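Contents: one structure, followed by commentary.
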Amino acid sequence: MPEQTTQDLLASNGNRRILITSALPYANGPIHIGHMLEYVQTDIWSRFQKLVGNECYYVCADDTHGTPIMLSAQKQNITSEELIAKSHIDHQKDFGAFGIAFDNFHSTHSEENKFYTETIYNRLLENGHIARRTINQLFDPEKQMFLPDRFVKGECPKCGSADQYGDNCDVCSATYSPVELKNPKSAVSGATPVLKDSEHFFVKLQDFEAMLKQWLKTGVSQQMANKLNEWLDVGLQEWDISRDAPYFGYQIPNEPNKFFYVWLDAPIGYMASFKNLCDKTAGLEFDDFWNKDSKAELYHFIGKDIINFHCLFWPACLTAANYRTPSKVFAHGFLTVNGTKMSKSKGTFIKAATYLEYLNPEYLRYYFAAKLSSKIDDFDLNLEDFVQRVNSDLVNKYVNIASRCAKLVQKSGGVMHAEIDHPSLLKEFQNEAKQVETHYENRDYGKASKLIMSLADKANTYIDEKAPWKLAKDEATADEALKVCSMGINLFRILSIYLKPVLPSLVTNVENFLNASPLTWSDIQSPLLSHQLNKFIPLMKRVDIKQVEAMVASSVEAAAQISKTTKKNNAEKSTKIESIKPEIQFEDFDKIDLRLAKIISAEHVEGADKLLQLKLDIGEGEKQVFAGIKSAYAPEDLVGKLTVMVANLAPRKMRFGLSEGMVLAAGPGKKDLWLLSPDDGAQPGMRVK
RNA sequence: GGCAAGGUAGCUCAGCUGGUUAGAGCACAUCACUCAUAAUGAUGGGGUCGGUGGUUCAACUCCACUCCUUGCUACCA
């Protein structure tokens, strides 16, 4: 396992020089809680490194280039620069509110980034790693631009589903090239794209195969290596790094109308942001961190979707350009909410700004921390669990310790006792520091939280056993009561240090209460004796499930507004897109026996994603049909309904049984599907003519 | 379709290189306590570890097959 150097690294605490990054948020949209998982994960690590005394810099930037940003700006009638400037402000606001303490948050649309992008490109070119090749791509004749896959829509070449993107089909999950789409349309203008030649520039990744295989041995976890070996096994292909004008990005030097693909300059944004930080910070040298022989540590935190960019293209480019490679790339899974993908219609697509309207950001920081591990597994935000976890761990266990001790200490003027009541218990708390460190270092925050909470349990049990409230009632034992409560506060103080990377703002309030300078890791070993405390004010309120519900409701509302318009657009688009089939004769039509059918029963099919099993009455007997309408209709809403079916279609054996016909429905698919039904009075079995 | 990760108590998760009655937190129940933001403490009920078949003296842990979930599948970002 490549993680094994951890203990060595811990041994050198205080001497390490570390540069860490989170993936750059795309400047074309707001930050949502899925993004936040990564920034919180990275921020905790960064704060931890600083807390234990390492030299650590956490940089990030907005990812500002590419076709989507260009088009989005056009749509809003503003320049791309104006769009990304707006995003920059919004993003920083969200990050600030969630306590993400970047040392620098820059932009890929910056002098520094242009410089390093050109430098890396030039070095790739000089070393013979750039190839030129003419490729054939779809081109929008109206907009006069080449179309990325995502901006071409049409019918799936495999299953014929309408309204599919140019790279893969949502319905049958086939993958293909946009050229294969039937009836392709430009999603930008609606025009029919034409094929056009264009010369593109490629990085010859094959040149780096040996280097990458070597790097993967130390740079990623076993889990990630498995995934990456897929690409290595099928053989690395040339990576297309150019795009034709019009494109919002940097022009390739000496190549008019050719621009760098956004994914080339995005990771370079890490360098640019750090360079920008160096220019503002006396004594901080860019080369110390990025030179080939740098002894500093460099870590990238990313989501699992962009592993290939960070673990193949990026190390290759760095090596080719004579820079150092990352020490490690840490990938995390995706955020699901209540077990499924974030969904706008369910209200679980929650923007950071929406969350902030209803809830304390440190709740989420803690919940993330409580469940995060170093693994690449997806992370489920279960909203009920979230409420319980935060209330129980943070308020009922941890904060409660201070809360139950504070008043009794206050009685004696707020001055803590001169002695430790239970030295061995204190020792036990102190001795866990190494273990907590290891967990943080390994990004096993879940294990750290568990350990910290088990200590909190011990503190509560200790207080219960000593029952200081009883001791306080008797003059003779009042001193002992103070001693116990002071002990409780000291235990609480240690827990606060352990939790500080996760809950920076809460712990700031703790520091105020303790009347102490900012807590550091070394404070663990020196308890407070005869120390004057400040008045205790409640440190954290419980989460109310109602707040969570309100947040979800408001997310649903926001999404409904958007989907109303897109739904309309989609409907219009799909009627436009689907062209009329070639003319047929009446005899052809007459072969099709359409009958009115009454839905007798409708049931979910176990194991089927899209199918409902329908029993239909067509006058003379029953027919069983498996219909792909689960996404749009609930079975209970269908029973008793009249609809139209193709009654003489050859039965087809499906995985779940025999389907003896088809019911008729229209629409692009998913939720947008409408079953045909006759007006009142019609009877099952009547032929449709 | 190919590949990856996951499928362990009601919920969220631990279970390393196979070994006594499968663990924790929350939730639930009972009792205790009343200092604390109705918090805390003690005790207890509850799972045979997605399924099938193997390997083994012994499997949640290894192998094969299978089902389910999520994700990736490079000129999308």
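Lettering follows sequence order; numbering is per chain, from 1. Every value quoted in this text rests on a predicted model; they were computed, and no experiment measured them.
Arg132(A) has a carboxylate O that lies under 4.0 Å from a charged side-chain N of Glu255(A), or vice versa, which qualifies the two as a salt bridge.
In this entry U12(B) has A24(B) as its Watson-Crick or G-U wobble partner, both defining distances falling under 3.5 Å. The base-pairing partner of U48(B), taking Watson-Crick or G-U wobble contacts with both distances under 3.5 Å, does not exist among the strands shown. Of all nucleotides present, none satisfies the Watson-Crick or G-U wobble test against C60(B) with each distance under 3.5 Å. If you check A5(B) for Watson-Crick or wobble pairing at under 3.5 angstrom, you find it paired to U69(B). Nucleotide C75(B) forms a pair with no other nucleotide shown, judged by Watson-Crick or G-U wobble geometry with both contacts under 3.5 Å. Within the shown strands, nothing qualifies as a pairing partner of C33(B) under the Watson-Crick or G-U definition with both distances less than 3.5 Å.
What separates CG of Asp378(A) from P of C68(B) is a distance of 19 Å, to the nearest Å. Summarising the geometry, the separation between NZ on Lys450(A) and P on G23(B) is reported as 15 Å, rounded to the nearest angstrom. The interatomic distance linking Leu383(A) (CG) with C26(B) (C1') rounds to 15 Å, in whole Å. With rounding to whole Å, Asp385(A) atom CG is found 6 Å from C11(B) atom C1'. Whole-Å rounding puts the Leu451(A) CG to A14(B) P distance at 16 Å. Rounded to a whole Å, the CG atom of Asn460(A) is 16 Å from the P atom of C35(B). At whole-Å resolution of the value, CH2 in Trp263(A) and P in A77(B) are 10 Å apart. Across the protein-nucleic acid pair, Leu71(A) atom CG and C76(B) atom C1' stand 13 Å apart, rounded to whole Å.
Rounded to a whole angstrom, the distance from the P atom of G6(B) to that of A42(B) is 34 Å. For the C1' atoms, the distance linking U56(B) with U61(B) amounts to 13 Å, nearest Å. Taking the C1' atom of each, G19(B) and G45(B) are spaced 28 Å apart, rounded to whole Å. To the nearest whole angstrom, the two P atoms, one in G51(B) and one in A36(B), are 50 Å apart.
Between Lys371(A) and C13(B), a side-chain N or O to OP1/OP2 separation shorter than 4.0 Å is present. In terms of phosphate contacts, Lys407(A) brings no side-chain nitrogen or oxygen within less than 4.0 Å of OP1 or OP2 of C35(B). Contact annotation: Lys341(A) reaches the phosphate of G71(B) (side-chain N/O to OP1 or OP2, under 4.0 Å).
Residue contacts for Glu465(A): at a heavy-atom cut-off of 4.0 Å it reaches no nucleic acid atom on any strand shown. Across all strands, Leu408(A) comes closer than 4.0 Å to no nucleic acid atom at all (heavy-atom distances). Heavy atoms of Leu312(A) sit nowhere under 4.0 angstrom from any nucleic acid atom. At a threshold of 4.0 angstrom between heavy atoms, the contacts of Pro68(A) are confined to the sugar-phosphate backbone, with no base atom among them. Across all strands shown, Tyr261(A) has heavy atoms under 4.0 Å from base atoms, whether or not it also approaches the sugar-phosphate. Nucleic acid contact for Met224(A): none, since no nucleic acid atom lies under 4.0 Å from a heavy atom of the residue. Within 4.0 Å of Asn382(A), counting heavy atoms only, lie sugar-phosphate atoms of the nucleic acid but no base atom. Counting any heavy atom pair closer than 4.0 Å across all strands shown, Asp380(A) reaches sugar-phosphate atoms only and no base atom.
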Worksheet entry | Full working for side-chain contact (heavy atoms from CB on, under 4.5 Å) between Ile130(A) and Tyr121(A) | CA-CA 8 Å; Ile130(A) 300 288; Tyr121(A) 167 76; 4.1 Å; yes
Worksheet item: What's the verdict on ring-ring contact (aromatic ring centres under 6.0 Å, His included) for Phe492(A) and Tyr398(A), showing C-alpha distance, side-chain angles and the deciding distance?
Response: CA-CA 7 Å; Phe492(A) 172 74; Tyr398(A) 160 66; 4.8 Å; yes
Discussion item. As a quick check of understanding, evaluate ring-ring contact (aromatic ring centres under 6.0 Å, His included) for Phe301(A) and His332(A), giving each step before the final call.
Written reply: CA-CA 8 Å; Phe301(A) 286 74; His332(A) 58 81; 8.4 Å; no
Discussion item. Apply ring-ring contact (aromatic ring centres under 6.0 Å, His included) to residues Phe330(A) and His300(A) and explain how you reach the verdict.
Written reply: CA-CA 6 Å; Phe330(A) 299 135; His300(A) 299 303; 9.6 Å; no
Fill in: Full working for ring-ring contact (aromatic ring centres under 6.0 Å, His included) between Phe259(A) and Tyr250(A)
CA-CA 5 Å; Phe259(A) 287 77; Tyr250(A) 293 128; 9.0 Å; no
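Taking the nucleotide of RNA chain B with the nearest heavy atom to each of Phe202(A) and Leu539(A), the more 5' of the two is matched to Leu539(A). Heavy-atom distances to RNA chain B give each of Asp457(A) and Lys447(A) a nearest nucleotide, and the one nearer the 5′ end belongs to Lys447(A).
Heavy-atom minimum distance, His65(A) versus His109(A): NE2-ND1, 2.8 Å.
Applying the 3.5 Å distance criterion, the base of A74(B) shares no donor-acceptor pair with the side chain of Trp239(A). You won't find any donor-acceptor pair under 3.5 Å spanning the side chain of Asn308(A) and the base of A74(B), going by distance alone.
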